[in-house]
Every structure is written in structure tokens, then in C-alpha cells.
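Written below as C-alpha cells is the structure these notes are about.
Chain identifiers are assigned alphabetically (A, B, ...) following the order of the sequence lines, protein sequences preceding nucleic acid strands; residue numbering begins at 1 within each chain.
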Protein chains: 2
Amino acid sequence: MEIKEHIITNPEKLLENLNELHPSDIAHSLKKIEKESSEDFFFILKQIPEDILGEVILELPDYLREDSYDELSSEKLTEIVYELESDDATDIIQELEEHNEEKAKEVFNGLEEEDKQQIEWLSRYEEDEAGSYMQTELFSANLNETIKESLDRLTLGKEEEELINIHQVYIVDNHKKLIASILLEDLILIDFKKTYQEVLDSHDENRFKANIVHDKEHIDDVAKKFEKYDLNAVAVVGFQDMLMGRITSDDILDVIEENATEQMYQLAGVDDDFEHDDNLYVTAKKRGYWLFLNLGTAILASLVIGIFEETLQAYVALAILMPIVASMGGNAGTQTLAVMVRQLALGDIDFDNSKDAIKKEVFISLVNGFVFAVIIGGIAWFWFNTAMLGVVIAISMIINLFSAGFFGASIPLILKKFDIDPAIGSTVLLTTVTDIVGFFSFLMLAKIILL
Amino acid sequence: MEIKEHIITNPEKLLENLNELHPSDIAHSLKKIEKESSEDFFFILKQIPEDILGEVILELPDYLREDSYDELSSEKLTEIVYELESDDATDIIQELEEHNEEKAKEVFNGLEEEDKQQIEWLSRYEEDEAGSYMQTELFSANLNETIKESLDRLTLGKEEEELINIHQVYIVDNHKKLIASILLEDLILIDFKKTYQEVLDSHDENRFKANIVHDKEHIDDVAKKFEKYDLNAVAVVGFQDMLMGRITSDDILDVIEENATEQMYQLAGVDDDFEHDDNLYVTAKKRGYWLFLNLGTAILASLVIGIFEETLQAYVALAILMPIVASMGGNAGTQTLAVMVRQLALGDIDFDNSKDAIKKEVFISLVNGFVFAVIIGGIAWFWFNTAMLGVVIAISMIINLFSAGFFGASIPLILKKFDIDPAIGSTVLLTTVTDIVGFFSFLMLAKIILL
């Protein structure tokens, strides 16, 4: 069937089609319906079968998720959590805890012992550790089992809808240590009567090696491995290579998308965590912090201009042309910054080749510095009919574009050296440089040459 | 085995370990070795076995890929292309065509008839069509075949290393029309003696529906479907649902990463296509185009300032404070722009909820407008000991932050309405607005209130 979005904004129609729709489409439809009537939203929410309701809730925006937690009973929420995979179940319990601790406890206590253990265990991982992204549901088999025996378990797991999205069998020894992994595309061709030990013995030892990451590894590093080695799924192991869970490519798609958003926002001075807040004052406040830093920069630039009060008084053309140099420096610096920050994140630039990167950026900005020096020099000369004014702005343009390239390339590297995310803070530091160098060089040269 | 990068910068050691390393690691090692000695680079390149050399070359940066095409004979290149999957083979042939048409022809003519056809066929797709991302190697079976028969073909395909990364069998009728798809995790549990027709007949008709995209679909839309529906692989169909190929999640990871880079670069005025050019003058020229647009904006702003030459002459404090309002507007506008552009790309904002988005941005910028009006108004008053100067800059701050929010939200939406990528051009248009509104409102208010 062709994959197509099905967004249904008519409440009755949505109810009729609940069983046909993907949870993600139901969530999107609900979002639109809630805009018109929150009554309809809650009415439909309660009609959604428990086995997909959890997935629907996870696709809702924050504020609707919280409304849902309020509206649904603890019993219903328990059923929903029970139906989810371990990683999603943990996410909901953790979110519910922040929102309504009492209810979270009730839901948690209503779960089966095994689920409780898994959630407790997954909750212990930090937000950015591989462990907090893994699901514990996977298809594993003991070395001494026959393939047939393990497949009977797969059948059971599939009937209970516990095992989905299975690409390989993970083979463990009696201590749950991960020994190997056989892709289903290989397993399906092997004689099912063999034990896994026999299968491994009759092949090269590297033939069925598993792709492993550690549970404490940073999720960004895991994502890089997926990209670099074109992976589909990895096994997550803990202490002494014990098999803990697995991470699949759909989780990694989300990680990559979120990281890219975060980076783009950080360069612009926006904090993604507070962008979706219910309370717009909170969003405004968070953005305001950044603007406050920029106000500091702008005032610093004004102080620099203030030094040349007399020069400006004597020659008002300087005030008219003054913003051009600073603005060009800011824009050239932003270009360099975007390239550096992104390539540092992608691993294309590292400390080994950082000198080459700086050289490249300085070269590019100098080339453009000379080109725009000639252009703006000519314009200033004709505009104010003063050749020396052209010379002043031209030299200042070269100086400022040079520093835009040099500092635009160095600032992210220096921040990274100090283990600060280069996307945070780079912009404000660079603007300070290009503003101050831009205004100072232009007005200082004018004072020396023109007066 | 734990997934770890293995970069070997010692040429002899790399040669010894060629068979152990992932093509991606070999490529990264070669890149480092080439920096020290291009002789070593070429020497090792020629020692790499043909069955992985293609994958190594595809992971090299552009300039080294071109060097490799020059260095390797047409015969060797033909063998390399022969070993690759159809989509990668097509990429190499197309790139070679641009670089050395003669050699590309020789390589192409040396291929087997079937490979030639596939490459010709894949070459016909536009760069951003799903078809150009698909690989034609897949595991398919006819309705009338038994599972056993099809698995014998899978065995063969795996022995020839033609079929890897297989997650499902695609079931087609006699006209190659795609009928269904069975995941290996289901297939492995079914009696292999059955024909596919029998399997389909004994299940609900939706049980084995295939996830389908069309060959002419935009790859970005395909990527969105992967994310939204947590897909692993999709079948690509052409005219009359004929099965053409498949796209897997590793291809989509690259698409998402590249799109994010492109967006971030576009907002900063950088063209990704020319960033990796061998010739730095080309990169500088491309960045220069953008700076040229910004020069236009800056000169426009200067013209606005020029209108108030007499006001500035009478009151030099205005020249000192002038950049603050424009700079704050620029920064607030950049915040809004980043959020709008990214959320438009992710589909979180569309034309349905665009009014809400504009309202939100205007609200946020007005809140910050009032806050910073008070702060900067106070500073200006004390700094120059003139209360009315504080009033002027405060009002101007509110006006400019309002227009930053309003235009920062509207410009991307308007561009999108005209089918222009919102990331391109938004920044320059917005800077024009915030600069002109910033300088004009400040100086005009000063002229009216102060003089």
C-alpha cells in the first residue's frame, strides 16, 4: 500500500477509521481536532484502543500529552504503558512523574513485576546515554538451543506483539554474555535443527560478529556509527558484555534530526527545550537571555564609537558609512561559523586538520575582503566625492573580513578545545569581534587619514 | 564486536590490515595518508581488492575521488563498478562522466548488458527523485513460487554477494506488479513448502501490505515518511505499480543529515555544493555572491541614515547609539527565522497553523521589545543625561523588535507560498527590514522628539 498521510479532521470520521490509521496519523488528526474542540479531542482519545493509544500519545505535542495524562485514569494509563515497548514505557512513566508524581506511582505499581524492573533499570540511564534509547525487547537465543526452539519463542513473542522489527537473533551464553548475532537473512537459509553452537562452529569466527555499543556510550557517538557503517540495528551491552537491549535505525533517525535542529537553533540563540513550552513568557524569557548578551555586545560597540565622538562630529559621512563595514564582517563571519560548526559536528573537521580549516577560511575571507574593498571604496569615493574616504573604508573592509574569517574559524575550535559546544556562544563572541573591529578600524583610520 | 573507528596512518600497517577494515575506515585512513604522501596514497589504492575498492572510493572526499579516477585504468574501474550495487555504480559512472567522458564510456561499455541497462535506467531519474536513491538489488518472488524456491534464489544471491541487507521478500505477479511484502521475521515462521499465493490467501489482506513510494516522488518526502512511520525499507514502484527497487534506512540517514547541513548553510548564505571545491576561489566567489546581496542591504541602510545627515550633525549621540537598535532587531529576527525555517522543514508549521505561528512570534518579540526598551532607555538616559533620548531609543526598540518578529515569521511563509525554499533568501530579506526599520525609526523619532 502506498504510504500516505491520512489526516482526518472530522471527529466522527476519525472514530470510524481508528483501526486503519497509523498512530502518528491519529495523533496529527487529534491535534487538529483539539484546535476546534477540546471536548471532541478527549472524547476520541478515550475511544482509542489501548494497544495503540500509547503510541498515539507519544506522537502528541507536549501540552496535549499532559492534558491526556490528566484526563485518563491511572488504570487506563497502566494498560497503555503495559502495551508499550520498554523504552517508550519508560519515557511515559518519567514524563508522568514530572507532571503528576502521585499518578505516576499508581501507574507504576499497577504494572507487572518484570515491566517494573525494566522501567527502573532503564530510568537509571542519563538522557544522552545509549542505554536510555534502547529497547529491551529483542530476539535472543542461547548457544545450546536449536534454531527451531528459538523460532518457537519468536512465534510466541510475535503473537503477544512483544517482538516486532526483528532483524537478527542475538546469541548469548549462559551468563547472558553476547557471543554473536545472525541476521534473519542468513538464519532463514540455515538448517533449523542445528544448535547455534553448531552454526557458529561451522563458520568463520568473524562471520556472525555482532555490532555492539556500550550502554553508557553517548547517543551521538552511536548515531555517528550508524551513519558511518550503514547500520540497521546495534546490540547494547553492559558490564562484561551482557546483552541489555538494542537500538534500531528509527531511533537514530530521530536523534540525527533533533541534533540538527538543536545545532541550527543554538547558532541563532534559541533553546529548543523551551520553544514548545505552553507558556510563551518562558519562551520569550529564554530568547531574552540571548538578546541580553547581544545587547552587551552592541553597547560595547557603541562605546567604541563613542571614543571617536569628535571625529564623527567633524565628518558626518562616517556615521552614514559606518554600519557597512560591521555588517559585512558579521555576514562573512556567519558564513565561516556555519561551515565550521557543522563540519566539527559531522567530524569532517577535527583538531588534526584544524590549521587547514583556518587557513582556508582566512584565504576565502581575504579574497572577498579585497573584492569588496574595491567595490565599497569606489562607491564611498563617488558618493562623498572624497578619494581618501574610499581608501579608509577599503582598508577597514579588508581588516574586518580578515578577522571575520580568522575568528569565525578559531572561535568554534577554541570552544571545542574547552569542551564547550561550538554552536553555543560562537555567534555572540564572533559578533563582538566583527562589530568592534569593524567600527574601530573604520573610525580610527578615518581619524588618522582624513582629519 | 564493538564498533570502533580504526584509522591507520601508517601505510604499511594499513596494507596489512586492509581485509579487516571497513571501507569507510580505509577511506578515512587514506585521506590522512594522502596528506603526507600522495605516492603512498596511490600505491595503497591499487592494492585494495576490487570488491571493496568501490565502496572505499565512494567514501573519499571529492578531490581524492577524482584523483582515483585519473590513476586507475578503465579496466580496473570497470571491475570496481561491476562489484557495486546498482545505485552506487550509477553514482560513479555519472561522476566519471562529468570528470572524463571518454573514460566513463570505456568503463560503461565494459560492463555486462544487465548492468548497463540498470545504470541507464537509474541515470534517467532526477537528482532528488526517489528513483535515483533506490537500489535495484532486492529479494523478490513470484506469487506462484514456493517459499523454498525463492530461498534457493536468496542463497545464490548471497553467495554472489549481490543480495545484502535484506529485510523482506517482495511478492510480484507475472507483470512484475508489486502485490505484497513479507518481513523475514514473518517468513521464517511460515511453512516453506507453501506458495506465496497460498500464504497471502490464508491471511488478512492487510497483513502483508508493502510500504510503497513512487519512483518520481521527492526524496525529502520519502525521508519524512521514514521518520513518521518508523520505516526500515520501502519498495519503489513505477508505472502501474511495477516493482523497481528499494530504499533502505541507511540511505535516508544520509538524506536527513545532508538536508540539515544544507538548511543550516543556506540560512548563513553558504552553498554546500561549492564548499568542497578544489579551487578555493570558486568557494570564495559563491560566498561572495551572498555578501554582495548583503552589501546592497547595508548600502540601503546607509541611504536611510543619509536622510538624517542634519539630525546626526546636530546630535552626535545618535550616531553612537544608532547600531544598537538595528543589531537587536537583527538578532531577534534571526531567532524567529531559525525557528520558522526549521519547523517549516520538519512539517511542524504549515499553512494551516501559520497564523498561530506568526502570532506566537509577534507576542514573543513584543515581550522582549518592552523589556529591552526599558533597559536600553534607562542606559541611554543616564549615559547622555537626556531623558528624551531614552524615550526615543525605547520606542524605536519596540518598533524594531516587533517588525523582527512579524517579518521573521512572515518572510519564510511568503517564500514558501511562492515555492521558494524558505532557507534561501530569508536572512537577507529580514536583515534589510530590521536594518531599515531600526535606523529609520530611531533617527526619525529623534528628529521629531529631540530637535
Side-chain angles (χ1 to χ4, degrees), chain A residues 1-3 22 24 151 155 166 184-185 188-189 209 211-213 225-230 249-250 253 256-257 260-261 264-265 268-270 275 280 283-284 287-288 291 294 298 301-302 305-306 309 312-313 316 319-321 323-324 327-328 331-332 334-335 338-339 342 363-364 367-368 371, chain B residues 1-3 22 24 151 155 166 184-185 188-189 209 211-213 225-230 249-250 253 256-257 260-261 264-265 268-270 275 280 283-284 287-288 291 294 298 301-302 305-306 309 312-313 316 319-321 323-324 327-328 331-332 334-335 338-339 342 363-364 367-368 371:
Chain A
M1 199 193 282
E2 194 180 345
I3 323 161
H22 191 282
S24 167
L151 288 180
T155 309
I166 301 296
L184 292 190
E185 61 185 277
I188 201 170
L189 301 176
K209 66 179 184 196
N211 288 317
I212 292 177
V213 300
K225 288 174 180 175
F226 265 82
E227 280 182 272
K228 199 163 172 205
Y229 302 113
D230 289 344
S249 61
D250 52 318
L253 276 184
I256 290 180
E257 193 79 286
T261 303
M264 202 179 295
Y265 279 12
V270 175
E275 272 307 304
L280 280 186
T283 314
R287 291 208 204 161
L291 292 178
N294 276 291
S302 290
I305 300 171
E309 202 174 331
L312 281 166
Q313 203 122 38
V316 78
I320 295 171
L321 292 175
I324 294 177
S327 149
M328 291 293 284
N331 283 308
T334 303
Q335 290 180 325
V339 172
R342 187 65 180 157
F363 178 84
I364 290 174
V367 169
N368 280 325
V371 170
Chain B
M1 198 193 282
E2 194 181 344
I3 322 161
H22 190 283
S24 168
L151 289 180
T155 310
I166 301 297
L184 293 190
E185 61 185 277
I188 201 169
L189 302 175
K209 65 179 184 196
N211 288 317
I212 293 178
V213 300
K225 288 174 180 176
F226 265 82
E227 280 182 272
K228 198 161 172 206
Y229 303 113
D230 289 345
S249 61
D250 52 318
L253 278 185
I256 289 180
E257 194 79 285
T261 304
M264 202 179 295
Y265 279 13
V270 175
E275 272 306 304
L280 281 186
T283 314
R287 291 207 203 162
L291 292 177
N294 276 292
S302 292
I305 300 171
E309 200 174 332
L312 281 166
Q313 203 121 37
V316 76
I320 295 171
L321 292 175
I324 294 177
S327 149
M328 291 293 283
N331 283 308
T334 303
Q335 289 180 326
V339 172
R342 187 65 181 157
F363 178 84
I364 291 174
V367 169
N368 280 325
V371 170

Query raised in the report: Given the options A:Ser302, A:Ala260, A:Ala298, which has more heavy-atom pairs under 4.5 Å with chain B than any of the others?
Result: A:Ser302
Requested in this report: Answer with side chain, backbone, both or neither: which region of A:Leu189 has an atom nearer than 4.5 Å to a non-hydrogen atom of chain B?
Outcome: side chain
Query raised in the report: At their closest point, which heavy atom of A:Ala338 faces which heavy atom of B:Tyr265, and how far apart are they?
Result: O-CE1, 3.6 Å
**Report entry** Max heavy-atom pair count under 4.5 Å with chain B, selected residue of A:Arg342, A:Glu309, A:Met264, A:Met328
**Finding:** A:Arg342
Query raised in the report: What distance do A:Ile256 atom CD1 and B:Glu257 atom CD have between them, rounded to the nearest 0.5 Å?
Result: 5.0 Å
**Report entry** chain B contact via A:Ala332 - side chain, backbone, both or neither, heavy atoms under 4.5 Å
**Finding:** both
Report summary line: Rounded to the nearest 0.5 Å, the CZ atom of A:Arg287 sits from the CD atom of B:Gln335 at a distance of 5.5 Å
Query raised in the report: So what's closer than 4.5 Å to chain B heavy atoms on A:Tyr229: side chain, backbone, both or neither?
Result: both
Query raised in the report: What residues form a salt bridge (Lys or Arg N to Asp or Glu O under 4.0 Å) with B:Lys228, not counting sequence neighbours?
Result: A:Glu5, A:Asp25
Query raised in the report: Can you tell me how far the CD atom of B:Gln313 sits from the CG atom of A:Leu312, to the nearest 0.5 Å?
Result: 10.5 Å
Query - Under 4.5 Å from a heavy atom of chain A, the part of B:Ser327 involved - result: side chain
Query raised in the report: Which value, rounded to the nearest 0.5 Å, describes the distance between B:Ile324 atom CD1 and A:Asn294 atom CG?
Result: 12.0 Å
Report summary line: Ranking A:Val213, A:Asp250, A:Asn368, A:Leu291 by heavy-atom pairs under 4.5 Å to chain B gives rank one to A:Leu291
Query - Among the listed options B:Thr155, B:Ile320, B:Ile305, B:Leu321, the residue most often paired with chain A at heavy-atom distances under 4.5 Å - result: B:Ile320
Report summary line: Looking only at A:Val270, A:Val367, A:Leu280, the option with the highest number of non-hydrogen pairs under 4.5 Å against chain B is A:Leu280
Query raised in the report: Considering only heavy atoms, which portion of A:Thr334 lies under 4.5 Å from any heavy atom of chain B: side chain, backbone, both, or neither?
Result: both
Query - chain B contacts, top residue of A:Leu184, A:Leu253, A:Leu151 (heavy-atom pairs, under 4.5 Å) - result: A:Leu253
Query raised in the report: Can you tell which of A:Gly288, A:Ser249, A:Gly306, A:Gly269 has the highest number of heavy-atom pairs within less than 4.5 Å of chain B?
Result: A:Gly288
